[in-house]
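Beneath this line is the structure, given in structure tokens, with notes to follow.
Computed over heavy atoms, backbone and side chain alike; hydrogens, waters and symmetry mates excluded.
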Amino acid sequence: MSSFEDADTEETVTCLQMTVYHPAQSQSSIFHAIHFNKREKLSSSEVVKFGRNSKVCHYTFLDKQASRVQFSLQLFKQFNSSVLSFEIKNMSRKTNLIVDNQELGYLNKMDLPHKCLVRFSEYQFLMEKEEGESLDSFETQFILSPRPLLQENIWPPHKPIPEHGSSLPFPTRNTSPTEMDENEW
């Protein structure tokens, strides 16, 4: 037999890709402790914590606005399923965590959707899960976004979306005249 036939079958690993944004990221070192564009392998039994306390958190934010432990992620498998999922839990007493449009208070948790926007304070995380088979480990990968991640599909229903399609949370300069209804402003 050749070594190819005897070799172990390589399993794919579930990866949680996190694209992050904070408005002060270019002026400060908020994300200095995070390694971008590099996959990191973690044990499937590990509870991964995010926050400013480097002794407790696996991923730290150098920012007093972040809680010592802001939130945690844990890999799990649904009963009678082979699909691996993540659970997200708000660990902050002072700041709610918003997953898409679902607000989580202190110690609230939920299954992380396959693709979602997680927000707290001025932080934005676009989290996307790549499926894998391995039950022993998973990977994380961070990408730094140069611009805000807010998208139209995550706006609460009570906020109107302008006809020109922009729903940015901050004013933009528009050089052309815009028609407005008298009740819009």
By salt bridge (charged side-chain N to carboxylate O under 4.0 Å, His left out), E40 pairs with (sequence neighbours left out) none
I want to check something: taking the side chain as every heavy atom from C-beta on, are V48 and F138 in contact at a cut-off of under 4.5 Å?
yes
Quick one: closest heavy-atom pair of G105 and N96, and the distance?
CA-OD1, 3.4 Å
If you define the side chain from C-beta out and look only at heavy atoms, does anything of F125 sit under 4.5 Å from R119?
no
Starting from L75, can I reach F142 by hopping between I/L/V/M/F/W/Y residues whose side chains sit under 4.5 Å apart?
yes
Closest contact, heavy atoms only, K94 versus S67
CE-OG, 3.5 Å
Step by step, work out the side-chain contact (heavy atoms from CB on, under 4.5 Å) result for L104 and I98.
CA-CA 6 Å; L104 301 178; I98 301 169; over 6 Å; no
Could you state the interatomic distance from CD (E139) to SG (C15), rounded to the nearest 0.5 Å?
5.5 Å
Is there a path of hydrophobic side-chain contacts, each under 4.5 Å between heavy atoms of I/L/V/M/F/W/Y residues, joining L135 to F86?
yes
Let me confirm one number: the OG-CG distance from S92 to L97, rounded to the nearest 0.5 Å.
8.5 Å
Quick one: do E46 and S44 satisfy side-chain contact (heavy atoms from CB on, under 4.5 Å)? Show the steps, please.
CA-CA 6 Å; E46 189 167 350; S44 60; over 6 Å; no
Residue set satisfying ring pair (Phe, Tyr, Trp, His ring centres under 6.0 Å) with F50, at least two apart, ordered chain then number -> Y59, F71
Output the distance between atom CG (N53) and atom CD (Q70), rounded to the nearest 0.5 Å.
12.5 Å
Taking the side chain as everything from C-beta on, heavy atoms only, tell me whether V69 gets closer than 4.5 Å to K49.
yes
Taking the side chain as everything from C-beta on, heavy atoms only, tell me whether V118 gets closer than 4.5 Å to I88.
yes
Are I34 and F120 connected, step by step, through hydrophobic side chains (Ile, Leu, Val, Met, Phe, Trp, Tyr) whose heavy atoms are closer than 4.5 Å?
yes
Can you confirm whether K115 sits close enough to L126 that some side-chain heavy atom of one is under 4.5 Å from a side-chain heavy atom of the other?
yes
According to the interplanar angle, ranging from 0 to 90°, do the rings of Y123 and F31 count as parallel (below 30°), tilted (30 to 60°) or perpendicular (above 60°)?
perpendicular
Can you find a heavy atom in the side chain of L107 that is under 4.5 Å from one in the side chain of N90?
no
Any donor-acceptor N/O pair, E128 side chain to T19 backbone, under 3.5 Å:
no
Roughly how far, to the nearest 0.5 Å, is CZ of R68 from CE of M91?
13.0 Å
D111 versus Q78, side-chain donor and acceptor atoms under 3.5 Å:
yes
Under 4.5 Å between side-chain heavy atoms, counting indirect links through other Ile/Leu/Val/Met/Phe/Trp/Tyr residues: same cluster for L144 and I30 or not?
yes
Verify salt bridge (Lys or Arg N to Asp or Glu O under 4.0 Å) between E87 and K89, making sure each step is shown before the conclusion.
CA-CA 7 Å; E87 175 182 271; K89 183 178 188 180; over 6 Å; no
Flag the pair M110 / V99 as yes when at least one side-chain heavy-atom distance between them is below 4.5 Å, and no otherwise.
yes
Backbone N or O of L84 within a donor-acceptor pair of the K129 side chain at under 3.5 Å?
yes
Short question: side chain of D100, backbone of Q102 - any donor-acceptor pair under 3.5 Å?
no
In Å, rounded to the nearest 0.5 Å, how long is the span from OG1 of T140 to CE of M127?
10.5 Å
OG-CG distance between S85 and L112, expressed to the nearest 0.5 angstrom:
9.0 Å
Give the minimum heavy-atom separation between V13 and S137, together with the two atoms involved.
CG1-O, 3.6 Å
Check whether any side-chain N or O of S29 sits under 3.5 Å from a backbone N or O of H32 as a donor-acceptor pair, and report yes or no.
no
Check whether R52 reaches the backbone of A66 with its side chain - one donor and one acceptor, N or O, closer than 3.5 Å.
yes
Considering residues, nucleotides and ligands other than R39, do more than 12 of their heavy atoms fall under 6.0 Å from its CZ?
yes
Q124 side-chain N/O to Y21 backbone N/O, donor-acceptor pair under 3.5 Å:
no
Where the side chain of S134 meets the backbone of E11, is there a donor-acceptor pair that is under 3.5 Å apart?
no
Near H35 NE2, under 6.0 Å, is it more than 12 heavy atoms from other residues, nucleotides or ligands?
no
Exam field: side chain T14 to backbone G132, donor-acceptor pair closer than 3.5 Å
yes
Does a side-chain heavy-atom distance below 4.5 Å link I143 with V20?
no
T12 side chain to E133 main-chain N or O, any donor-acceptor pair under 3.5 Å?
yes
